[in-house]
Amino acid sequence: MKNAHQVHRGRRDALIAAMRRHSGGGLALMPTSAEVVRNRDSTYPYRHDSYFYYLTGFPEPEAVVALVADDKGDRHVLFCREKHPERETWDGFRYGPDAAKDIFGFDEAHPIGELDRMLPDFASDRPALYTPVGMHADWDRRVAATLNEVRARVRTGVTAPDEIVDVRGTLDRMRLVKDAHELALMRRAGAISSEAHRRAMARARPGWHEYEVEAELAHEFLKNGAQSVAYPSIVASGPNACVLHYRDNDRLMADGDLLLIDAGCEYRGYASDITRTFPVNGRFTGPQKDVYELVLAAQVACLDAVRPGVPFHDYHEVAERVLAQGLIDLKLIEGPLDAALESGSYKRFYMHRAGHWLGMDVHDAGLYQEKGESVKLEPGMVLTVEPGLYIRAGDGVPAHFADIGVRIEDDVVVTADGIENLTGGTPKTVAEVEAACGDR
Ligand code: GLY
Ligand code: MN
Ligand code: MN
């Protein structure tokens, strides 16, 4: 397997090749994210920009990658912070340009303080500039200043790029199909998150607050070297399970509640995204089991529908059909099935899509539709499969189904002949879930 440095250099070469095909060459510039102040002199935990990291593997803020494709050859250039013994004493290690150049496989590296001075030369006589447009206001201003500076030099004989291309389009297409390096990290992210859900099932109990379960998830993530959650953990008990992006995680859980947990770690820049729903006291009631088994049947049918060559949209239709028929059977909506699908009456209880791309971002880069057609699945694409039902009390809902919310979510890679389930080790059938809960 290639080492990380070769992997990132290979991705930069692929972007350069795409630039040559599109415009015969040019300059690509991609900045990483800025540090953000949380309050006074504290910053939020730093998270690199996903596009920048995809191309570099470089973890520090205040960095820009520049890729030159021209007749004299390619140049891979990094701008980054200089070494700074005093700041390193307070805030920690910085690579500095010299070490970064060698370790991250660049041809050149320069101090970030040189960027504005050097960019006009980089951008002169290039047919096209490839950079994000409208992603960061500061960056847009910097790009505009660079182009104006190049134009101001036209009497010296240089030309400014004719074309500005949002580089994210090409990178989104590249990111949609994961390479072996990415899949290895995503397997690990999935395995850690799976263990976290197992731990939550084993430990949650009536009388705990939701945040106590969130702490169990965080424990498992950090203990296994995941640096962060991929998104804020949703720990939603009882009626909160019907709030799709529930955030408070502060309810006291009662005997008889279901607990919906949507939580996944980020491991070395890659997300996982698992949902499981289980009874806080360890045993499903009859109506809870009816709803759970229906969502499970939909999820299993969706997993069966994911394979190479089929449109992304197909498994969403599978979820709608199975859930709508089940809702008719439970007498929560009226049949027949075709009428329910046509009217969308099931959307009262199932109002989201069955999944999304997954990668460095939890709702990852990549188009779902191109020229009006659903994207076709290919080996290496990673997506979630996550049907659910959310039965809010009121409006004719029978009391025994009131406030039951269930979602079941796995992360899968499309393979040559089907899928690899990255989170398949997480208890899922009623018997598996009750066994994982154990005796309270
Ligand atoms: N956790 C976000 C989602 O499932 O889409
Ligand atoms: Mn999720
Ligand atoms: Mn998801």
Side-chain angles (χ1 to χ4, degrees), residues 47 50 175-176 178 186-187 189-198 200-201 210 213-214 216-218 220-221 226 228-237 240-249 258-267 269-278 292 295-296 298-300 302-303 305-306 312-313 315-316 318-320 323 347 349-368 375 377 381-390 405-414 419-428 433:
R47 170 56 158 75
S50 297
R175 284 175 56 184
L176 190 48
K178 273 64 179 174
M186 294 192 77
R187 275 187 199 101
I192 294 171
S193 297
S194 183
E195 277 313 303
H197 279 262
R198 215 176 249 288
M201 288 178 193
E210 292 162 343
V213 186
E214 185 180 4
E216 299 293 339
L217 298 164
E220 201 66 30
F221 293 163
S228 173
V229 288
Y231 53 91
S233 299
I234 297 169
V235 183
S237 65
N240 294 336
C242 295
V243 180
L244 294 179
H245 291 161
Y246 177 69
R247 287 283 171 79
D248 292 344
N249 294 359
L258 276 184
L259 178 60
L260 182 156
I261 298 179
D262 184 346
C265 68
E266 178 175 303
Y267 181 75
Y270 283 83
S272 52
D273 183 8
I274 303 181
T275 307
R276 285 294 186 269
T277 309
F278 63 90
Y292 188 89
V295 175
L296 180 61
Q299 209 249 3
V300 170
C302 287
L303 290 172
V306 177
F312 176 83
H313 186 68
Y315 78 105
H316 305 274
V318 169
E320 285 163 349
L323 292 174
K347 289 184 182 163
F349 303 114
Y350 174 54
M351 61 297 278
H352 58 75
R353 306 265 293 163
H356 50 83
W357 305 129
L358 182 74
M360 308 184 97
D361 301 319
V362 66
H363 297 157
D364 203 36
L367 293 176
Y368 291 90
V375 168
L377 298 179
M381 291 178 173
V382 181
L383 48 97
T384 67
V385 178
E386 50 175 308
L389 286 175
Y390 314 92
V406 174
R407 180 164 63 254
I408 303 174
E409 175 173 29
D410 281 314
D411 305 340
V412 304
V413 189
V414 180
I419 54 168
E420 173 189 345
N421 191 338
L422 299 176
T423 55
T426 324
K428 189 158 74 173
V433 169

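What's counted below: heavy atoms across the whole structure, side chains too, no hydrogens, waters or symmetry copies. Start at 1 and go down the list; that is how both ligands and their atoms are numbered.
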Trainee: Under 3.5 Å, is there a donor-acceptor pair between the side chain of Tyr231 and the main chain of Gly264?
Mentor: yes
Trainee: With only distance considered, is Arg407 within less than 3.5 Å of ligand 1 through an N or O on each side?
Mentor: no
Trainee: For the aromatic rings, using the six-membered ring if either is Trp, is the centroid distance between Tyr390 and His352 under 6.0 Å?
Mentor: yes
Trainee: Just which atoms of ligand 1 are under 4.0 Å from any heavy atom in Glu409?
Mentor: 4 (O)
Trainee: With heavy atoms of His356 as the reference, note each atom of ligand 1 found under 4.0 Å away.
Mentor: 3 (C), 4 (O), 5 (O)
Trainee: Determine the minimum heavy-atom distance between Tyr270 and Ala189, stating which atoms define it.
Mentor: O-CB, 3.8 Å
Trainee: Nearest to atom 3 (C) of ligand 1, what protein heavy atom do you find, and at what distance?
Mentor: Asp273 OD2, 3.4 Å
Trainee: Measuring from the heavy atoms of Asp262, does anything fall under 4.0 Å of ligand 1?
Mentor: yes
Trainee: Ignoring hydrogens and angles, state whether a donor on the side chain of Ser228 or Glu266 is under 3.5 Å from an acceptor on the partner side chain.
Mentor: no
Trainee: So, do Tyr292 and Val433 sit near enough that their side-chain heavy atoms are less than 4.5 Å apart?
Mentor: yes
Trainee: Is there a donor-acceptor pair closer than 3.5 Å between any side-chain N or O of Glu214 and the backbone N or O of Val235?
Mentor: no
Trainee: Are Ile274 and Ser194 side-chain neighbours, meaning at least one heavy-atom pair lies under 4.5 Å?
Mentor: yes
Trainee: In terms of residue, atom name and distance, what is the protein heavy atom nearest to atom 5 (O) of ligand 1?
Mentor: His363 NE2, 2.7 Å
Trainee: Out of all atoms in ligand 1, which are within 4.0 Å of some heavy atom of Tyr231? Include the element for each.
Mentor: 1 (N)
Trainee: Does the shortest distance from the Mn ion (ligand 3) to an N/O/S atom of His356 fall below 2.8 Å?
Mentor: yes
Trainee: Near the Mn ion (ligand 2), which protein N/O/S atoms are found at less than 2.8 Å?
Mentor: Asp262 OD1, Asp262 OD2, Asp273 OD1, Glu409 OE1
Trainee: Are a donor atom and an acceptor atom from the side chains of Glu220 and His197 found within less than 3.5 Å of each other?
Mentor: no
Trainee: Would you say Thr384's side chain and Gly355's backbone share a donor-acceptor pair under 3.5 angstrom?
Mentor: no
Trainee: Once salt bridge (charged side-chain N to carboxylate O under 4.0 Å, His left out) is applied, do any residues pair with Asp410, and if so which ones, sequence neighbours excluded?
Mentor: Arg276, Lys428
